[in-house]
Amino acid sequence: MRTVVFDLDGTLADTSADLIAAANACFRARGLGDRLDPVADALVAFQGGRAMLRLGYGRADVVGAEQLAEDDYPRLLDHYAADLASHTRLYPGAAEAVETLRGTGFRTAICTNKPEALARELVGHLGIAELFDALIGADTLPVRKPNPAPYRASVAQAGGEMARSFLVGDTQTDRETARNAGVASVLVTFGPEGGRIARLAPEALLDRYDALPALAERLLPR
């Protein structure tokens with residue numbers, strides 16, 4: 001069975017503003033004010049909670065920034081869980097593209113480095129939970145992307161075949177995950193990196209979601 005596996009943050013949905021708001025809440029709790037900008041720092045938001053915290057504490061030039069980032073990571077998740085979709089939106093055409101894929105016989109899955117419970121809550125809020133046959137999060141397995149095990153698990157849970165699958169993502173982590181799993185990667189150009197993502201030399205670039213069904217047929221012909 002042909003399967004398309006999607007990253008979530010920065011691929012299906014722009015979650016950056018809500019992620020940055022959670023990080024800024026941690027900085028404010030320590031009397032440092034907001035250290036991250038929801039527009040200028042959108043790219044780091046898709047690199048994970050710890051990356052945001054390290055950047056913010058580094059900017060504040062505090063002692064022990066690395067340890068503070070570790071200490072505050074659970075607090076960041078709590079802040080995010082309390083308000084994870086005030087500003088988050090699906091990228092234009094994402095839901096329609098997934099529906100088209102499913103209508104032509106593809107299985108679809110999500111493989112994300114967001115904790116599974118938060119990922120499930122978010123896709124439910126966005127109204128797309130029923131569009132995916134599987135969802136594997138950062139803590140579903142003992143390892144996370146770019147280890148290929150979560151990708152393999154998402155394909156298996158969706159009822160697909162590894163040799164007939166590919167990954168749609170937006171970061172170097174996604175590119176490395178696909179390489180480690182031995183599958184093609186498609187990287188979107190509408191995230192914070194824009195066309196610069198081509199530097200990672202994926203098998204294909206995706207400029208807009210309405211082009212995905214035809215691209216999927218090309219990468220995984222019947």
Side-chain angles (χ1 to χ4, degrees), residues 3-23 25-26 36 41-56 66-85 88 90-91 94 108-126 128-129 131-158 160 162 165-181 183 185 187-188 191-193 200:
T3 306
V4 182
V5 179
F6 295 83
D7 176 55
L8 179 53
D9 298 65
T11 299
L12 287 169
D14 184 351
T15 58
S16 58
D18 288 313
L19 290 165
I20 286 173
C26 293
L36 301 182
D41 295 316
L43 180 58
V44 75
F46 297 139
Q47 296 170 358
R50 290 180 176 86
M52 290 189 294
L53 292 169
R54 285 194 294 267
L55 176 60
E66 187 72 28
Q67 186 59 52
L68 282 174
E70 286 299 318
D71 292 345
D72 275 359
Y73 181 66
R75 299 183 182 97
L76 181 150
L77 295 180
D78 288 342
H79 287 300
Y80 183 63
D83 189 12
L84 85 174
T88 290
L90 289 170
Y91 286 111
T108 54
I110 291 173
C111 183
T112 175
N113 274 351
K114 184 189 291 294
E116 181 180 343
L118 292 176
R120 291 191 181 278
E121 183 176 351
L122 181 59
V123 298
H125 181 90
L126 295 171
I128 59 171
L131 295 182
F132 297 94
D133 302 296
L135 189 156
I136 301 295
D139 52 357
T140 306
L141 303 178
V143 295
R144 56 193 290 172
K145 298 186 298 184
N147 188 295
Y151 180 87
R152 293 183 181 128
S154 68
V155 173
Q157 191 179 97
M162 281 292 297
S165 72
F166 68 86
L167 174 63
V168 181
D170 69 299
T171 63
Q172 184 169 348
T173 296
D174 294 314
R175 179 69 183 99
E176 292 175 358
T177 300
R179 183 183 290 114
N180 293 340
V183 301
S185 63
L187 298 182
V188 303
E193 277 210 67
L200 300 177

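In this structure, Ala45 and Ile20 approach most closely via the heavy-atom pair CB-CG1, 4.0 Å. In terms of heavy atoms, Ala23 sits closest to Leu36 at CB-CD1, 4.0 Å. Closest approach of Ala69 to Arg54, counting heavy atoms only: CB-CG, 3.7 Å. Asn180 approaches Pro146 most closely through the heavy-atom pair ND2-O, 2.9 Å. Here the closest heavy-atom approach between residue Ala138 and residue Arg144 is recorded as O-CB, 3.9 Å. Taking each heavy atom of Leu118 and Ala81 in turn, the nearest pair found is CD2-CB, 3.6 Å.
With a 4.5 Å cut-off on side-chain heavy atoms, Leu55 and Asp41 count as touching. Two residues are said to be in side-chain contact when any heavy atoms from C-beta on lie closer than 4.5 Å; Gln67 and Asp71 meet this criterion. For the pair Leu122 and Lys114, the minimum side-chain heavy-atom distance is below 4.5 Å. Counting heavy atoms from C-beta outward, Val5 and Phe166 have side chains that stay 4.5 Å or more apart. By the 4.5 Å heavy-atom criterion applied to side chains, Val4 and Phe132 are not counted as neighbours. Put simply, the side chain of Phe46 reaches to within 4.5 Å of the side chain of Ser16, judged on heavy atoms. Pro150 places a side-chain heavy atom less than 4.5 Å from the side chain of Val143. Inter-residue side-chain proximity for Tyr151 and Ser165 is flagged as met; some heavy-atom pair is nearer than 4.5 Å.
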Inset, instruction - Could you please spell out the steps behind the side chain to side chain contact (heavy atoms under 4.5 Å, CB included) verdict for Thr15 and Tyr80? - result: CA-CA 11 Å; Thr15 58; Tyr80 183 63; 4.2 Å; yes
Legend entry - Residues Leu90, Ile128; criterion side chain to side chain contact (heavy atoms under 4.5 Å, CB included); working and verdict: CA-CA 9 Å; Leu90 289 170; Ile128 59 171; 3.7 Å; yes
Inset, instruction - Evaluate side chain to side chain contact (heavy atoms under 4.5 Å, CB included) for Leu8 paired with Ile110, printing each intermediate quantity in order. - result: CA-CA 7 Å; Leu8 179 53; Ile110 291 173; 4.1 Å; yes
Inset, instruction - Before giving the answer on side chain to side chain contact (heavy atoms under 4.5 Å, CB included), spell out for Asp14 and Thr88 the whole-Å C-alpha distance, their side-chain angles and the decisive distance to 0.1 Å. - result: CA-CA 6 Å; Asp14 184 351; Thr88 290; over 6 Å; no
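To the nearest 0.5 Å, atoms CD (Gln157) and CG (Asp133) are separated by 9.0 Å. Distance check: Thr140 OG1 to Leu135 CG gives 7.0 Å after rounding to the nearest 0.5 Å. The distance from the CG atom of Leu53 to the CD atom of Glu66 is 10.0 Å, given to the nearest 0.5 Å. Note that CZ of Arg175 is 14.0 Å distant from CG of Asp170, once rounded to the nearest 0.5 Å. Between atom CZ of residue Arg152 and atom SG of residue Cys111 there is a gap of 11.5 Å, rounded to the nearest 0.5 Å. Considering CG of Leu187 and CD of Gln172, their distance stands at 10.0 Å, rounded to 0.5 Å.
Checking side-chain atoms of Asn113 against main-chain N and O of Gly48 turns up no donor-acceptor pair under 3.5 Å. Looking at Ser154, its side chain never comes within 3.5 Å of a backbone N or O of Ala134 through a donor-acceptor pair.
Between Arg75 and Asp78, none of the side-chain N atoms (NZ, or NE/NH1/NH2) sits under 4.0 Å from a carboxylate O, so this pair counts as no salt bridge. Salt bridge present: Lys145 and Asp7 bring a charged side-chain N and a carboxylate O closer than 4.0 Å.
Donor-acceptor pairing under 3.5 Å is recorded for the side chains of Asp174 and Thr171. No donor-acceptor contact under 3.5 angstrom links the side chains of Tyr91 and Thr11, judged on distance only.
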